[in-house]
Amino acid sequence: MHCVRKITDDLYWVGGNDNRLALFENIHPIPKGVSYNSYLLVDEKTVLFDTVDWSICRQFLDNIKGVLGDRPLDYMVINHVEPDHAASIEEILIRYPEVKVVCTEKAVLFMQQFGFNIDGRAVVVKEGDTMSFGKHNVVYVTAPMVHWPEVMVTFDTTDGVLFAADAFGTFGALGGKLFNDEMDFDRGWLEEARRYYTNIVGKYGPHVQSLLKKAGGLDIKYICPLHGPVWRNNLGYFIDKYQKWSTYEPEEKGVLIVYASMYGNTETAANYLATQLVEKGMTNVAVYDVSKTHVSYLISETFKYSHLVLASVTYNLNIFPPMHDYLVDMKALNLQKRTVALLENGSWAPQSGKLMRELLGQMKDMNILDPEISINSSMREEDGDSLAGLADSIIESMK
Ligand code: FEO
């Protein structure tokens, strides 16, 4: 049975949801599931925009059949070849043998690498190329490294629909909803949108900026991403989020405290600092245990807040491993422009502060505050005074 949504008079969402997958890309937890969006345009020609992950291919095929009936599929536009969208290409090629595959030259190469035979069916397009499918005209806009090199987006100039590939995507299964105005995006969805962006695309901020500049010249009425809701109003809200995330500007003035604690003593120091901040008036404080929080959530929160406190015990004369992994991920995702305070703990040779400082020094525009706090095993009265001073220093740096 097909299960589709109509977007415009001629355009249908023919994707589906996966609530069973535990880890997106086999690395990021998705407790709320994920959608794989595909879109079908019914004009003088019929045009499919991207396919879906193999896990929902059966539903996808039913959806296409439900919309097309006995009509042939004339074109399949492939904006992105990552297998969460491309895995079902071959199934379409088998069922609709006359279909032409519209994509970039690099996408042809990737499809060959993934084992899809599109010989004789590829229509290679480049930046600015246009096509007409009848009433609907489209222009192809390349978006290299958002977040793969073959990526393009397609803009339907007739109805103002941007097929945005992974840009503007969101984790979370749709559960019958499709449009942004059918959900309370600020409650739950924004967190998952940020976690999706920062972990999947976050490294490529300058490339996202290039795409946003190109998109700024288009009269966009709908944004159709490959994951999550379709945007049909209030587009500026989400574009503004992308503007901040892709320039690594924090969304909020606030303090994210991430601690690594083996027996609770570093945790006590982290909570003491949080309490000092709140008592001194900075209530936008979030505290996380690095050992109990998946790094994808920490990365998302790190993009959100202006200030970061890293508190780590020393372990084998190094940074506690989960804290080290978090810092390495932060660097890999190009995080920058944050004010950071450091707190180390060690019973005989505290090292973690110096080592965290070295890693932060490899990132751009990270301002490390004084004083750096060093604790021996557990907090004492004088450590409390130092942490109160650090809270003052953090608040002062926000002015
Ligand atoms: Fe959703 Fe880059 O694939």
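Remember, it's a predicted structure, so these values are computed and weren't measured experimentally. Remember, it's 1-based here, ligands and their atoms both numbered in the order they're listed.
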> Would one find an N, O or S atom of His227, in either backbone or side chain, under 2.8 Å from atom 1 (Fe) of ligand 1?
Replying inline: yes
> Between atom 2 (Fe) of ligand 1 and His147, is there an N, O or S atom separated by less than 2.8 Å?
Replying inline: yes
> Which of the N/O/S atoms in His80 sits closest to atom 2 (Fe) of ligand 1?
Replying inline: NE2
> Applying the 4.5 Å side-chain criterion to the ILVMFWY set and letting contacts propagate, would Phe114 and Tyr36 be lumped into a single cluster?
Replying inline: yes
> Ring centroid separation for Phe133 and Tyr75, is it under 6.0 angstrom?
Replying inline: yes
> Short check: any N/O/S atom of Asp84 below 2.8 Å from atom 2 (Fe) of ligand 1?
Replying inline: no
> Just checking, is any N or O donor in the side chain of Ser296 or Arg195 under 3.5 Å from an acceptor N or O on the other one?
Replying inline: yes
>> Is the distance between the ring centroids of Trp231 and Phe185 under 6.0 Å?
In response: yes
>> Checking one value in my table: which N/O/S atom of Glu82 lies closest to atom 2 (Fe) of ligand 1?
In response: OE1
> So which N/O/S atom does Asp166 have closest to atom 2 (Fe) of ligand 1?
Replying inline: OD2
> Do Tyr288 and Met282 belong together in a cluster built from hydrophobic side chains that touch within less than 4.5 Å?
Replying inline: no
